[in-house]
A.B. asks: 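First the structure, then my questions, so here it is.
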Amino acid sequence: MLVNCSDMLKKAVSGMYAVGHFNTNNLEWTKAILIACEEKKSPALVGISEGAAKYMGGYKVVVDIVRDLSESLNITVPVSVHLDHGSYDGCLAAIQAGFPSVMFDGSKYPIDENVEKTRALVKLTREKGISLEAEVGAIGGEEDGVIGGGEVADADECARIAELGIDFLAAGIGNIHGKYPENWRGLDFDTLEKIKSRIGDMPLVLHGGTGIPKDMIEQSISLGVAKINVNTECQLAFAEATRKYIEAGKDLEGKGFDPRKLLKPGFEAIIEKVKEKIDLFGTTNCA
Ligand code: 13P
């Protein structure tokens with residue numbers, strides 16, 4: 001059975017650790033995330049972007065794959081599947097397809113519009129027992145050509161969104177999706193502290209988890225971050241392991257071209273990466 005993320009993140013706040021949100025892309029990815037979380041006895045939070053959901057065949061396929069794999073792999077830790085950076089319509093479609101948890105990313109709208117759209121989704125998700133993440137202060141990324149630092153959220157705006165009754169809040173604190181550039185200024189902990197002082201015990205979400213150094217991860221957790229999103233790092237691990245296999249000519253030996261063999265090193269690399277992050281985020285044995 002899939003669960004919403006509300007309990008797992010409340011426990012993370014009181015236990016002072018952060019649940020890793022690992023973005024999936026396909027069947028192998030999903031399986032790798034679930035296996036790693038089970039081995040580490042960590043709650044499993046499978047994230048998926050709208051684009052990746054489309055790639056996999058739609059929201060229903062995603063929910064079914066996560067649920068069915070959890071059952072057939074005998075996963076005993078709590079498992080959730082969460083829409084990442086959903087549009088308003090994307091949230092509605094994911095909810096309709098059975099997602100137990102969604103993120104509405106209204107950060108691109110003026111704050112009043114973000115508040116109104118988030119409010120409507122609070123109402124709907126409360127009725128259905130679905131957990132809701134909202135966002136203030138867009139998180140930059142390479143695709144936006146951002147170099148040096150991501151956006152920093154306004155604490156008053158964070159408080160306005162938090163008091164609508166969402167479950168957890170993503171706030172920009174200089175974090176960026178993708179690899180951090182050489183001249184990255186690091187996370188803005190003053191802003192994080194200000195936000196924390198305005199939203200009480202509400203779990204905070206740190207996006208752009210790829211490559212954030214250990215000391216910054218630990219400080220973020222001590223300031224209320226209870227969910228850390230990781231995507232690029234697993235993609236890089238998968239690509240590197242797959243490249244090594246092909247460069248070593250393994251696909252040309254015997255039946256090395258069989259996808260079950262070709263994709264195995266990348267699959268195993270994702271498992272190792274997820275396990276490494278679970279240790280870093282302090283979630284081992286926290287299921
Ligand atoms: P990275 O790709 O930088 O790990 O960020 C993932 C993320 O924040 C997804 O929402």
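Just follow the structure's listing: the first ligand is 1, and inside any ligand the first atom is 1.
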A.B. asks: Is Tyr245 reaching over with its side chain to a backbone N or O of Leu263, donor-acceptor style, under 3.5 angstrom?
C.D. replies: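 Such a contact is absent between Tyr245 side chain and Leu263 backbone.
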A.B. asks: Please list, in number order, the atoms of ligand 1 under 4.0 Å from a heavy atom of Gly178.
C.D. replies: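 Those atoms are 1 (P), 2 (O), 3 (O).
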A.B. asks: For ligand 1, does Asn231 get within less than 4.0 Å through its side chain, its backbone, both, or neither, judged by non-hydrogen atoms?
C.D. replies: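 Asn231 to ligand 1: contacts from backbone and side chain alike.
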A.B. asks: Taking 4.0 angstrom as the limit and counting only heavy atoms of His85, give me the atoms of ligand 1 inside it, by number and element.
C.D. replies: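 So the answer, numbered in order with elements, is 10 (O).
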A.B. asks: Considering Asn175, Asp105, Thr232 one by one, which has a heavy atom nearer to atom 2 (O) of ligand 1 than any of the others?
C.D. replies: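 Considering heavy atoms of Asn175, Asp105, Thr232, the nearest to atom 2 (O) of ligand 1 sits in Thr232.
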A.B. asks: Knowing that exactly one of Val136, Ile161, Asp105 qualifies, which makes a side chain to side chain contact (heavy atoms under 4.5 Å, CB included) with Thr118?
C.D. replies: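 Output: one option passes, namely Ile161.
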A.B. asks: Regarding ligand 1, does His21 bring an N or O atom to under 3.5 Å of one of the ligand's N or O atoms?
C.D. replies: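 There is no such contact.
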A.B. asks: So among Val225, Asn175, Asp215, which one has a side chain to side chain contact (heavy atoms under 4.5 Å, CB included) with Ser220?
C.D. replies: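 When Val225, Asn175, Asp215 are each tested with Ser220, the side chain to side chain contact (heavy atoms under 4.5 Å, CB included) holds only for Val225.
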A.B. asks: Would you mind checking which non-hydrogen protein atom is closest to atom 7 (C) of ligand 1, with the distance to 0.1 Å?
C.D. replies: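 Its nearest protein heavy-atom neighbour is His177 CD2, 3.3 Å.
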A.B. asks: When hydrophobic residues are tied together by side-chain contacts of less than 4.5 Å, even through go-betweens, does Ile35 share a cluster with Phe281?
C.D. replies: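 Per the 4.5 Å side-chain linkage, Ile35 and Phe281 are co-clustered.
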A.B. asks: Under a heavy-atom criterion of less than 4.0 Å, does Glu233 contact ligand 1?
C.D. replies: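 False for this residue.
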A.B. asks: When you measure from the side chain of Trp184 to the backbone of Ile176, do you find a donor-acceptor pair of N or O atoms at a distance under 3.5 Å?
C.D. replies: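 Not at all, since once roles are kept as given, no pair shorter than 3.5 Å links the two residues.
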